[in-house]
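So the structure is just underneath, and the comments pick up after that.
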Amino acid sequence: MASQRGLFDESIGGPGLDVVLVRGALDEPAADAAFAALRVEIPWRQEHLRMFGSVVPVPRLEAWIADEGLEYTYSGIAHTPQPWTPAVVAMRALCADLAGASFNSVLCNLYRDGNDGVDWHADDEREFGRHPVIASVSLGATRRFDFRRVDDHSVRTGVDLHHGDVVIMRGTTQELWRHRIPKTRRSVGERINLTFREVLRR
Ligand SMILES: O=C(O)CCC(=O)C(=O)O
């Protein structure tokens with residue numbers, strides 16, 4: 001796996017925002033191979049959300065892969081852990097190396113086209129601890145990744161995430177900021193994002 005660690009590190013600035021972007025953590029052939037393997041290995045599921053009394057499909061496919069016993073409830077959906085696959089384990093090693101952290105779980109997202117996205121949220125569930133280190137790898141179509149401050153929505157920043165990029169979020173990022181992948185009218189292909197986390201066992 002080709003990693004160009006450090007060559008293209010960028011920090012994304014803002015008060016209390018602690019985010020590092022590693023551009024091209026996977027070079028194009030490695031990113032292409034990872035995308036192809038993850039697309040078929042991961043048991044992608046369509047989850048549903050209860051909203052205003054009706055049940056709506058989540059605008060993306062998902063899978064929760066984790067060590068045994070690590071359940072995760074997100075937006076009212078209880079995710080039962082699926083087993084690790086070889087390509088996910090390889091991505092975990094890359095992200096753990098870049099972040100200097102260990103991860104026992106990953107939320108996998110498949111954005112099928114521009115109608116898929118994820119709305120403003122923070123990965124601030126209690127099981128991740130107060131200031132978690134979260135690392136995610138982006139593969140496939142380029143999509144915008146936005147941040148806004150919790151206490152002042154006019155304070156915003158964002159970045160385009162490309163095939164092979166890794167983002168590391170740390171410190172007070174989840175406490176003071178929200179993030180999202182907005183839907184887009186642009187014609188975009190599939191994108192896979194794997195967001196690695198460490199669930200603290202009680
Ligand atoms: O797709 C991404 O880059 C972000 C996904 C995300 O925010 C999440 O899984 O919590």
Side-chain angles (χ1 to χ4, degrees), residues 10 12 17-26 31 34-35 38-39 42 44-47 49 57-66 70-79 81-82 88 91-92 94-95 98-99 101 103-129 131-150 156-170 173-184 186 188-199:
E10 291 170 22
I12 301 169
L17 187 67
D18 187 350
V19 178
V20 172
L21 171 57
V22 185
R23 290 276 185 215
L26 289 169
F35 184 97
L38 295 165
R39 185 70 181 79
I42 293 174
W44 298 106
R45 286 174 57 109
Q46 175 66 71
E47 304 287 0
L49 277 178
V58 170
R60 58 196 175 276
L61 301 184
E62 294 178 315
W64 172 245
I65 294 178
L70 295 179
E71 296 278 338
Y72 175 46
T73 299
Y74 167 80
S75 294
I77 304 165
H79 295 273
Q82 304 294 321
V88 178
M91 292 302 105
R92 176 169 67 169
L94 171 74
C95 287
L98 291 172
F103 300 112
N104 58 14
S105 55
V106 57
L107 184 62
C108 310
N109 296 300
L110 172 60
Y111 303 89
R112 294 158 290 190
D113 57 28
N115 295 313
D116 280 355
V118 61
D119 208 355
W120 291 114
H121 69 285
D123 303 329
D124 59 355
E125 287 78 10
R126 273 180 44 199
E127 55 262 51
F128 301 135
H131 293 148
V133 178
I134 292 174
S136 80
V137 58
S138 292
L139 297 162
T142 295
R143 295 290 297 262
R144 190 77 187 158
F145 193 40
D146 290 331
F147 289 92
R148 76 176 184 200
R149 274 281 297 201
V150 172
R156 284 180 176 223
T157 188
V159 69
D160 285 334
L161 296 180
H162 303 296
H163 193 42
D165 290 349
V166 167
V167 171
I168 301 157
M169 298 187 277
R170 308 179 290 213
T173 301
Q174 307 304 324
E175 187 184 346
L176 302 179
W177 292 76
R178 298 287 176 264
H179 56 268
R180 71 168 181 181
I181 298 286
K183 295 180 180 182
T184 175
R186 278 187 306 115
V188 290
E190 290 186 340
R191 170 175 182 266
I192 290 174
N193 168 262
L194 304 186
T195 302
F196 291 91
R197 305 117 190 269
E198 179 79 3
V199 174

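If you're wondering where the values come from, they're calculated on a predicted model, not measured in any experiment. Ligands are counted one by one from 1 in listed order, and the atoms in each one are counted from 1 as well.
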| message | For R39, is there any backbone N or O sitting under 3.5 Å from a side-chain donor or acceptor partner on W44? | response | yes
| task | Locate the shortest heavy-atom distance separating N115 from P59; write the atom from each residue and the value. | result | O-CB, 3.9 Å
| query | Among R191, H163, H162, whose side-chain hydrogen bond (donor to acceptor under 3.5 Å, both in side chains) with S138 holds? | reply | R191
| remark: min-distance protein heavy atom vs atom 1 (O) of ligand 1 -> Y111 OH, 2.6 Å
| message | Using the rule side-chain contact (heavy atoms from CB on, under 4.5 Å), only one of V88, I65, L107, N104 pairs with F196; which is it? | response | V88
| message | Among all the protein's non-hydrogen atoms, which is closest to atom 9 (O) of ligand 1, and how far away is it? | response | N109 ND2, 3.0 Å
| query | Distance-only, no hydrogens or angles: does the H179 side chain make a donor-acceptor pair with backbone N or O of D146 under 3.5 Å? | reply | no
| query | Just which atoms of ligand 1 are under 4.0 Å from any heavy atom in D123? | reply | 10 (O)
| task | Report yes if some N/O of S138 lies less than 3.5 Å from some N/O of ligand 1; otherwise report no. | result | no
| query | Relative to the heavy atoms of H179, which atoms of ligand 1 are at a distance of less than 4.0 Å? | reply | 7 (O), 10 (O)
| field | R143 side chain vs A141 backbone, donor-acceptor pair below 3.5 Å | value | no
| query | Would S136 and N193 count as having a side-chain donor-acceptor pair, cut-off 3.5 Å? | reply | yes
| Which of the numbered atoms in ligand 1 are below 4.0 angstrom from a heavy atom of R197? | 8 (C), 9 (O), 10 (O)
| Is R170 reaching over with its side chain to a backbone N or O of V133, donor-acceptor style, under 3.5 angstrom? | no
| Which atoms of ligand 1 have any heavy atom of I181 under 4.0 Å away? | 1 (O), 2 (C), 3 (O), 4 (C)
| request: Could you name the option among N193, L161, V167 that has the heavy atom nearest to atom 4 (C) of ligand 1? | output: N193
| field | L107 neighbourhood, listing ligand 1 atoms whose heavy-atom distance to it stays under 4.0 Å | value | 9 (O)
| With atoms numbered from 1 as shown, which atoms in ligand 1 lie under 4.0 angstrom from a non-hydrogen atom of H121? | 6 (C), 7 (O), 8 (C), 10 (O)
| Quick one: nearest non-hydrogen protein atom to atom 3 (O) of ligand 1, plus distance? | R191 NH2, 2.8 Å
